[in-house]
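Counting convention: from 1, in listed order, for ligands and their atoms alike.
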Amino acid sequence: MRVVEVTAYGGPEVLRLGRRPEPDPADAPGRVRVRLRAAGVNQADLKIRSGRFAGVLGELAPPFVLGYDFAGTLLDPVPGLPVGTRVAGFVPWIQEGTGAGTYAETVLVEPGWLAPVPDSVDFTDAASLPLSVLTAAQALDLMALPEGSVVLVTGASGVVGRFAVQLAARAGHRVIALGDAGDAAELGLLGADGVVPRGAPEDVVTGVLGFAPERVDGVFDAALIADPLLPAVKDGGVFVPASPERMPAGEREIRVEAVAGRPDGARLREFLDLAAAGGLATRVADVLPLEEAGEAHRRAEAGHRPGRIVLMI
Ligand SMILES: NC(=O)c1ccc[n+]([C@@H]2O[C@H](COP(=O)([O-])OP(=O)(O)OC[C@H]3O[C@@H](n4cnc5c(N)ncnc54)[C@H](OP(=O)(O)O)[C@@H]3O)[C@@H](O)[C@H]2O)c1
């Protein structure tokens, strides 16, 4: 099968189209094969490819196949999901430690990672959801704030942050979104009560306090800004960074706990159904063929993408 391999740690040029044997379900009892049609390009893919995450990969070293998110069709049946069912999910790439990611024609997955994709959701949109929406949801779980709390979401113009804004609003929180000024109207439609444009940290804090003079109960920091945001958080509040790479120092009994996205097929199914019903918006910035994974990484690394970049397989 065709795959895109990371041949060595480095820039996007280390991504090469290659061939690997099709995975055999006999090698991993209980797992099923998915013939992929789309794979999302996540920020973690860039960090792994560059070598920035080499320390957490254990024995695993290039060459390996990147990729968390996938959408495609089942090649093996799962109870309730016959062969041919359109499915999506994500492979917990680092925890798996196999280097068999989704920049590939076929992957082997746990049935519990999968959710069926409603007919009205195309493969590219489906591949933009799994890791990002589940991480946003699990970040809100970690916050464990009562309904009506004031929540700041940073990186709200990005994929994970946009989902977090929507889910926090659905949970009944008052949401302050830190995002691009040009996205203010859209973030309002998605549920933000206030939008603070990105800028110097002190201006951001002033902007947040303008909406929440008492300070916020919780922060989901999808932009990984960390310590400069602490003055906007209440004593005893909660701060959830999107990655342990940037943890703010604890102070004033603010609980700091990074989120680590975990697959959850049942919950993903709810989100895909919600997306199909128009209750959850996703954005795909670019769709490129698998063999242009290097260009996809260049674009993702340049930033300012209005959504997920997806590889078509
Ligand atoms: N823990 C997990 O399991 C998990 C899962 C998924 C993602 N993540 C992490 O979550 C983060 C967000 O992921 P993503 O997919 O949403 O990435 P993304 O789509 O690139 O979103 C990040 C957003 O933050 C914005 N941003 C960067 N610096 C900012 C600042 N100082 N102020 C305000 N906004 C700022 C970016 O804008 P520009 O692009 O214009 O700079 C972008 O809109 C990444 O670090 C990713 O690795 C963690």
Side-chain angles (χ1 to χ4, degrees), residues 39-50 52-53 56 66-69 89-96 113 127-143 152-167 176-184 186-187 190 192 195-205 207-208 219-229 232 239-248 256-264 268 281-286 296-310:
V41 173
N42 279 284
Q43 290 294 331
D45 301 352
L46 315 183
K47 296 173 190 176
I48 294 167
R49 188 215 68 226
S50 69
R52 198 161 133 196
F53 277 2
V56 293
L66 280 178
Y68 283 80
D69 286 320
F90 83 83
V91 173
W93 199 90
I94 289 180
Q95 294 89 327
E96 280 285 285
W113 300 347
S128 73
L129 256 81
L131 175 65
S132 304
V133 76
L134 287 171
T135 300
Q138 290 160 1
L140 292 168
D141 293 348
L142 266 184
M143 285 185 178
L152 169 65
V153 176
T154 74
S157 292
V159 182
V160 177
R162 262 174 117 249
F163 284 134
V165 167
Q166 296 176 77
L167 298 183
I176 302 173
L178 170 60
D180 295 348
D183 288 342
E186 194 192 347
L187 288 167
L190 294 177
V195 178
V196 175
R198 64 188 284 181
E202 54 280 11
D203 296 337
V204 167
V205 169
V208 173
V219 179
F220 174 45
D221 190 13
L224 302 181
I225 297 170
D227 297 82
L229 295 175
F239 196 111
V240 176
S243 166
E245 295 162 274
R246 276 184 63 79
M247 304 281 278
V256 177
E257 206 172 339
V259 64
R262 295 179 316 282
D264 183 341
L268 178 59
T282 187
R283 275 201 304 200
V284 171
D286 300 294
H297 274 224
R298 263 175 224 110
R299 293 185 192 181
E301 222 143 51
H304 317 305
R305 305 309 294 180
R308 181 63 66 225
I309 300 178
V310 174

Heavy-atom nearest neighbour of atom 42 (C) of ligand 1 within options Gly158, Pro92, Ala302: Gly158
Ser50 (side chain) donor-acceptor with Lys47 (main chain) under 3.5 angstrom: yes
Arg305 side chain to Ala285 backbone, donor-acceptor under 3.5 Å: no
Leu131: numbered ligand 1 atoms lying under 4.0 Å from its heavy atoms: 5 (C), 6 (C)
Proximal ligand 1 atoms for Arg308, defined as those under 4.0 Å from one of its heavy atoms: 15 (O)
Those atoms of ligand 1 less than 4.0 Å from some heavy atom in Val259: 1 (N), 2 (C)
Short side-chain to backbone donor-acceptor contact, Arg246 and Ile225, under 3.5 Å: yes
Side-chain donor or acceptor of Arg308 paired with backbone N/O of Val41 under 3.5 Å: yes
Derivation and outcome, side-chain contact (heavy atoms from CB on, under 4.5 Å), residues Leu229 and Phe239: CA-CA 9 Å; Leu229 295 175; Phe239 196 111; 3.9 Å; yes
Note, Leu66 side chain near Trp93 side chain (heavy atom, < 4.5 Å): yes
Asp221 side chain vs Thr154 backbone, donor-acceptor pair below 3.5 Å: no
Pairwise side-chain contact, Leu268 with Val133, heavy-atom cut-off 4.5 Å (strictly under): yes
Protein contact to atom 20 (O) of ligand 1 [nearest heavy atom, distance to 0.1 Å]: Gln43 NE2, 3.0 Å
Nearest neighbour in protein (non-hydrogen) for atom 3 (O) of ligand 1: Gly261 N, 2.7 Å
Atom 25 (C) of ligand 1 - nearest protein heavy atom and its distance: Arg198 NH1, 3.8 Å
Numbered atoms of ligand 1 (with element) below 4.0 Å of Ala223, judged on heavy atoms: 24 (O), 26 (N), 29 (C), 34 (N), 35 (C)
Steps toward side-chain contact (heavy atoms from CB on, under 4.5 Å) verdict (Ser132, Asn42): CA-CA 9 Å; Ser132 304; Asn42 279 284; 3.9 Å; yes
Ligand 1 atoms in contact with Ile225 (distance to a heavy atom under 4.0 Å): 30 (C), 31 (N), 32 (N)
Side chain to side chain, Pro92 and Trp113, heavy atoms closer than 4.5 Å: yes
Identity and distance of the protein heavy atom lying nearest atom 8 (N) of ligand 1: Ala242 O, 3.8 Å
Any Ser132 heavy atom less than 4.0 Å from ligand 1: no
Side-chain heavy atoms of Pro130 within contact of Pro263, under 4.5 Å: no
Minimum-distance protein heavy atom relative to atom 24 (O) of ligand 1: Gly155 CA, 3.4 Å
Residue pair Tyr68 / Ile94, side-chain heavy-atom distance below 4.5 Å: yes
Residue Gly303 vicinity, atoms of ligand 1 by number, heavy atom under 4.0 Å: 39 (O)
Any Ala222 heavy atom less than 4.0 Å from ligand 1: yes
Nearest protein heavy atom with distance in Å, relative to atom 13 (O) of ligand 1: Val160 CG2, 3.7 Å
Any Gln138 heavy atom less than 4.0 Å to ligand 1: no
Side-chain donor/acceptor of Gln138 to backbone N/O of Val259, under 3.5 Å: no
Test of proximity, Asp180 against ligand 1: N or O pairs below 3.5 Å: no
Geometric N/O contact Val159 with ligand 1, under 3.5 angstrom: yes
Subset of ligand 1 atoms that lie under 4.0 Å from at least one heavy atom of Ala260: 1 (N), 3 (O)
Donor-acceptor under 3.5 Å (Ser157 side chain, Asp180 main chain): yes
4.0 Å heavy-atom contact, Leu224 with ligand 1: yes
Nearest-contact summary for atom 5 (C) of ligand 1 - protein heavy atom, Å: Thr135 OG1, 3.2 Å
Min heavy-atom dist Lys47 to ligand 1 below 4.0 Å: yes
Closest approach of any protein heavy atom to atom 39 (O) of ligand 1, naming residue and atom: His304 N, 2.8 Å
